[in-house]
Amino acid sequence: MKRYNISYFFKEGISGVWSHGFMSFASVSVIITCLVLTGSIAFLVLSLNQTIASMGDLGDIRAYVDETFSDEEVAALETKVRNISNVSGVDFIDRDRGLQELKEEFGEEAYLLDGLEYDNPIRHSFRIVVMDIDKYDETLAAVESLRGIATVHSSKNAMDALVNIKNVLQGVSVGFVVLLGMVSVFLISNTIKLATFDRREEIGIMKMIGATDAFIRAPFIIESIIISQIAAGIAFILQWIICYYISGSKFAQLPIIEIAEFSKYMFLYLIAYMVTALVIGVTGSVASIRKFLRV
Amino acid sequence: MIRLTDVYHSYSTGTRALRGVDLTIEDGEFVFLVGPSGSGKSTIVKLLTGELRPTSGKVLVNEFHTSKMKQSEVPYLRRTLGVVFQDFRLIERKTVYENVAFAMRIIGASPKVIKKRVSYVLDLVGILHKARRKPNELSGGEQQRVAIARALVNNPSVIIADEPTGNLDPDRSLEIMMLLEKIHSLGTTVLVVTHERELVDQFDKRVVAIDGGLIVSDKTGGYYRYEEI
Ligand SMILES: Nc1ncnc2c1ncn2[C@@H]1O[C@H](COP(=O)(O)OP(=O)(O)O)[C@@H](O)[C@H]1O
Ligand SMILES: [Mg+2]
């Protein structure tokens, strides 16, 4: 493409957006809806991930070691635990520290545990930090199956519930992307079809004087890119506002809930919106102009 | 150069528009292609511009074998031709200047070259003073001049005009023919399709007559002969 043509393509593309105002508006609106709905669910998923991560202890696995194991055996066992895939950290808690922590948990009533130092009933244990919550079950099973692990404490049920919510949300958001994505492609392709229909005589003239298909197509693709990027821009600003309100809501003030920081993901959102909208726009326009170029 | 060798063309409707046409036009010639309505004249033009492919036979236009060329080559064939139609085919929303400049923009000419060349051809066809007008502000004869300027602007080796005077009164028609003759005298091959006897008779040119999809006469001397046959 010659440099001289770029400004022509843009001029034509912009005038196309204006002259099919209603269709452009409809396309922009649907793309915005698609992006913002999906983006908001994604934001909830992000927040949920953060909530799960911040639950710290709740997500950890506590594995108690068989008391007949020698120190060497315990050390070897620790290595085995560390080597389990999806384990991101292992904290060895010996009997004394275990008792100490228990006392701290008892607080005021710690005196109930007085005297236990002389015949400590607590076993050595590992606090195991799980990397990917989605593989929690496998990791838990792997820990349990190790020889020398006597009992395992985990918050499997609570974890499962959170992971389930997250999976449902993720599924819903994929559904939205597919469904609204298809509606968006359909609308934008109709907008461009209208544009090419308006210009069918001109397209015929252009072909007659030796324009390549790429040259003829370019303004229409630019038109759809402009539509899609306007939508991406507005969707991004809307998303920003929505996330700002979610962060300030009562829901966000619940003690266990951790809301993700939008500013941390802002750039990612912008890029994702621009790329998704671009794919929608270009797919829609290419699908609709092919027909008109056959002579 | 244009060479049709034993060309047949049938439309999908079954109409046999061309039934064995042999025709050679050398570089620098001026040729009238005449014949009654429905005789196959426009079909020949469409074969030359790559809009149609022959059902059988060979079509050679400026080194392009349109009978076997790829679809992607068609635009490059058309850039070696300038085509003019009865209905002008100008872009209504563009000015006269823009209509002509656009043909150069399509082939990627630089703005500087475009400016110079467009002014030159608009002057050549005598319409430079209306460069800023839109086509619908011009008379038919003026619009056809613009179309000729557009056909000319990329310096094609062949100009093909399919009934260029079909919508014009006799005086305007003569002016357009004289303009095409002037362009020919500047070195371009010109093929004019027409069925206007009086017009052809005013020029001393090669006249190829076609009837029923066959060449029935090919003589130089400016006589409209197909009716005699
Ligand atoms: N697109 C088409 N489909 C079917 N038949 C056509 C088509 N175009 C032309 N014809 C037929 O082919 C014959 C030649 O047409 P054409 O080349 O346009 O004649 P001319 O230009 O000499 O008037 C005519 O019988 C016409 O009806
Ligand atoms: Mg005709």
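- At a threshold of 4.0 Å, the pair A:Glu12-B:Arg93 counts as salt-bridged, since one of the basic side-chain nitrogens sits closer than that to a carboxylate oxygen.
- Atom CD in A:Glu202 sits 6.0 Å away from atom NZ in B:Lys94 (nearest 0.5 Å).
- Under the ring pair (Phe, Tyr, Trp, His ring centres under 6.0 Å) criterion, the residue pairs touching residues 94-130 of chain B are A:Tyr8-B:Phe102, with sequence neighbours excluded.
- Scanning all heavy atoms of the two residues, the minimum distance from A:Ile205 to B:Arg89 falls at CD1-O, 3.1 Å.
- Crowding of A:Tyr265 atom OH: a count of heavy atoms from other residues, nucleotides or ligands under 6.0 Å exceeding 12.
- In this structure, A:Phe215 and B:Arg105 approach most closely via the heavy-atom pair CE1-O, 3.9 Å.
- Annotation: side chain of B:Ile91 is not in contact with side chain of A:Arg199 (no heavy-atom distance under 4.5 Å).
- More than 12 heavy atoms of other shown residues, nucleotides or ligands fall within 6.0 angstrom of atom CE in A:Met266.
- Closest approach of B:Ile106 to A:Met206, counting heavy atoms only: CD1-O, 4.1 Å.
- The candidate with the highest count of non-hydrogen atom pairs below 4.5 Å against chain A, out of B:Pro75, B:Gly82, B:Pro156, B:Ser72, is B:Pro75.
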(message) Set out, in order, the CA-CA distance, both residues' side-chain angles and the distance that settles side-chain contact (heavy atoms from CB on, under 4.5 Å) for A:Met208 and B:Leu81, then state yes or no.
(response) CA-CA 10 Å; A:Met208 183 199 66; B:Leu81 306 172; over 6 Å; no
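- The local environment of CD in B:Glu92 is crowded, with over 12 non-hydrogen atoms from other residues, nucleotides or ligands closer than 6.0 Å.
- For B:Arg53, the side-chain hydrogen bond (donor to acceptor under 3.5 Å, both in side chains) partners are B:Gln71, not counting sequence neighbours.
- From B:Glu51, atom CD reaches atom NZ of A:Lys207 across 10.0 Å, with rounding to the nearest 0.5 Å.
- More than 12 heavy atoms of other shown residues, nucleotides or ligands fall within 6.0 angstrom of atom CD in B:Glu137.
- Heavy-atom contacts from other residues, nucleotides or ligands closer than 6.0 Å to OH of A:Tyr244 number 12 or fewer.
- Neither the backbone nor the side chain of B:Ile114 comes within less than 4.5 Å of any heavy atom in chain A.
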